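Structure first, commentary second.
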Number of protein chains: 2
Amino acid sequence: MNDPATIEAGIPDDQLLPLRVWLALFSSVKQIEAVVRTNLRESFGSTLPRFDLLSQLYRSPGGLTMGEISARLMVTNGNVTGLIGRLVDEGLVDRLQDEDDRRIQWVRLTPKGNKVFSSMAPANQAWVTEAMAELSEGELRQLQSLLGKLKASVAKVPKRPRGDEDPSAE
Amino acid sequence: MNDPATIEAGIPDDQLLPLRVWLALFSSVKQIEAVVRTNLRESFGSTLPRFDLLSQLYRSPGGLTMGEISARLMVTNGNVTGLIGRLVDEGLVDRLQDEDDRRIQWVRLTPKGNKVFSSMAPANQAWVTEAMAELSEGELRQLQSLLGKLKASVAKVPKRPRGDEDPSAE
DNA sequence: GAGATATATTTTATGTATAAACTATTTTTG
DNA sequence: CAAAAATAGTTTATACATAAAATATATCTC
């Protein structure tokens with residue numbers, strides 16, 4: 001991932017603003033991600049995707065289906081298949097088939113996975129808190145609120161189902 | 001990547017706030033990325049990393065070195081090597097060696113690359129603008145300002161050079 | 001100016017991610 | 001109920017991304 005782009009030649013400033021915000025959002029996230037990723041690797045030999053996945057499972061003691069994980073992490077099913085496979089190999093997670101619907105896989109943290117995540121989570125919180133240390137509580141709340149609005153705004157973008165290209169549109 | 005995680009059990013709310021903001025930032029970016037990625041693929045058969053790279057080159061008519069590209073996109077050198085290779089194959093970009101320093105590669109947009117990027121950029125701007133349509137100009141400016149502060153805050157996180165683990169720290 | 005160090009980039013191994021095609025089930029519907 | 005449609009997940013092919021090691025060149029230092 002990289003750096004959302006702009007053409008800035010002769011476009012009025014208010015037209016440019018969303019693009020600039022997007023750029024700022026993008027680079028902030030990359031920046032924080034870099035901090036967290038480095039720390040996860042150096043301190044725990046782990047990665048952000050694995051941590052996020054463990055976190056979801058931690059919050060769902062009853063387990064999650066593959067599809068639910070994929071929805072929560074906002075990634076494809078195929079991605080989750082691979083991620084879970086590695087975590088199973090590491091013994092942090094286990095899979096079992098649903099008894100009624102044989103298409104469904106239930107995924108849960110193993111006791112080891114639970115323990116490992118419990119040790120990572122406070123460190124992660126500390127890193128993120130430190131990264132945001134210069135923002136006051138008020139600023140953080142403002143940011144949170146604006147991001148909430150943004151989320152709602154993006155969610156309204158119509159996503160046409162595939163095949164709806166309408167090549168003969170006027 | 002996915003969904004920055006939290007343990008929320010019994011932690012005071014203001015301790016939790018940075019983590020919540022991180023979560024919100026992360027998912028906003030994923031959400032917008034999904035919109036842009038889908039549109040770039042459907043409309044231009046391209047991807048976000050390629051678009052961002054073209055954008056950087058577009059803004060630097062004199063060309064950029066591999067290292068400079070890597071710094072601007074905040075990705076590793078190896079990543080840029082691959083990305084540029086594909087863009088060269090597509091004829092959108094060319095590489096030439098520096099005359100004085102033979103380690104350096106200068107990368108520029110080809111005329112075709114220029115043309116292609118010029119057609120993509122306005123569409124990209126429109127998508128991002130639409131995604132943020134529900135935010136007022138004032139809100140966007142506020143967001144921009146807060147993200148600027150955040151960037152400065154994250155930049156202050158000390159990044160110890162590798163090998164500075166100090167395993168015997170007290 | 002030779003050896004050590006630094007810089008620019010590529011290569012290697014691996015992990016993460018997507019989209020599209022596919023398999024296996026379940027559910028719907030005529 | 002049988003055929004069709006929907007759902008859950010995996011597989012495949014490919015792209016993107018990292019970290020670490022390697023290569024090649026340039027610069028520094030004595």
Side-chain angles (χ1 to χ4, degrees), chain A residues 1-3 26 29-30 33-42 45-54 63-71 73-90 95-107 159 161-163, chain B residues 1-3 26 29-30 33-42 45-54 63-71 73-90 95-107 159 161-163:
Chain A
M1 225 175 300
N2 323 51
D3 184 351
F26 193 92
V29 166
K30 282 225 78 167
E33 243 181 36
V35 170
V36 173
R37 184 174 7 87
T38 303
N39 283 327
L40 275 175
R41 181 173 42 76
E42 292 184 352
S46 191
T47 68
L48 195 50
R50 285 173 209 215
F51 178 74
D52 293 341
L53 183 18
L54 293 180
L64 292 172
T65 64
M66 298 298 279
E68 182 59 27
I69 293 168
S70 151
L73 301 186
M74 298 190 282
V75 299
T76 58
N77 276 342
N79 188 1
V80 174
T81 298
L83 232 23
I84 291 293
R86 276 168 240 129
L87 289 172
V88 168
D89 292 346
E90 295 176 26
R95 258 177 308 214
L96 76 152
Q97 231 176 22
D98 188 278
E99 297 199 342
D100 298 334
D101 186 336
R102 287 188 307 180
R103 295 168 304 179
I104 294 177
Q105 297 274 11
W106 288 94
V107 181
K159 54 192 73 155
R162 269 182 313 145
Chain B
M1 227 162 304
N2 321 38
D3 183 351
F26 194 92
V29 165
K30 281 226 79 170
E33 244 182 33
V35 170
V36 172
R37 182 175 7 90
T38 303
N39 283 326
L40 276 175
R41 179 174 42 80
E42 290 184 353
S46 191
T47 67
L48 194 51
R50 285 172 211 216
F51 177 74
D52 292 341
L53 183 19
L54 294 179
L64 291 172
T65 64
M66 299 297 279
E68 182 58 27
I69 292 169
S70 149
L73 300 186
M74 298 190 283
V75 299
T76 58
N77 277 340
N79 188 2
V80 174
T81 298
L83 232 22
I84 291 292
R86 275 167 239 131
L87 290 171
V88 167
D89 292 346
E90 294 175 27
R95 258 178 305 213
L96 76 154
Q97 232 176 20
D98 188 279
E99 297 197 343
D100 297 333
D101 186 336
R102 289 189 304 181
R103 294 168 304 180
I104 294 176
Q105 297 274 13
W106 288 96
V107 181
K159 55 191 73 155
R162 267 185 312 144

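The sequence lines fix the lettering, A, B, ..., with proteins before strands; numbering per chain opens at 1. As the structure is a prediction and not an experimental result, all values here were calculated from the model.
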*Between B:Leu83 (CG) and D:dT14 (C1'), how many Å, whole number?*
14 Å
*Between A:Gln97 (CD) and C:dA24 (C1'), how many Å, whole number?*
10 Å
*Could you state the atom-to-atom distance from CD of B:Glu68 to C1' of C:dT7 in whole Å?*
14 Å
_Sugar-phosphate only, base, or nothing, as touched by B:Ser70 at under 4.0 Å among non-hydrogen atoms_ = nothing
*Rounded distance (Å) that lies between atom C1' of D:dT14 and atom CG of B:Leu48*: 17 Å
*Would you kindly give the CZ-to-P distance between B:Arg102 and D:dT27, to the nearest whole Å?*
12 Å
*Over how many whole Å does the gap from B:Glu99 atom CD to D:dA26 atom P extend?*
13 Å
_A:Thr38 vs A:Ile104, nearer the 5' end of DNA chain D by closest nucleotide_ = A:Ile104
*Main-chain N/O of B:Met66 paired to B:Ser70 side chain as donor or acceptor, under 3.5 Å*: no
*Taking only N and O in the side chain of B:Asn79, is any of them less than 4.0 Å away from OP1 or OP2 of D:dT18?*
yes
*Rounded distance in Å - CG (A:Asp101) to P (D:dG9)*: 8 Å
*Decide yes or no, distance alone: a donor-acceptor N/O pair under 3.5 angstrom between the base of D:dT7 and the side-chain of A:Arg103.*
yes
*Establish, with yes or no, whether the OP1 or OP2 oxygen of C:dT10 is under 4.0 angstrom from a side-chain nitrogen or oxygen of B:Gln105.*
yes
_Please tell me if B:Arg41 has a side-chain N or O lying less than 4.0 Å from either OP1 or OP2 of C:dT18._
no
*To the nearest angstrom, how far is A:Met66 atom CE from C:dA24 atom P?*
17 Å
*Given C:dA19, is OP1 or OP2 found less than 4.0 Å from the side-chain N or O atoms of B:Arg37?*
yes
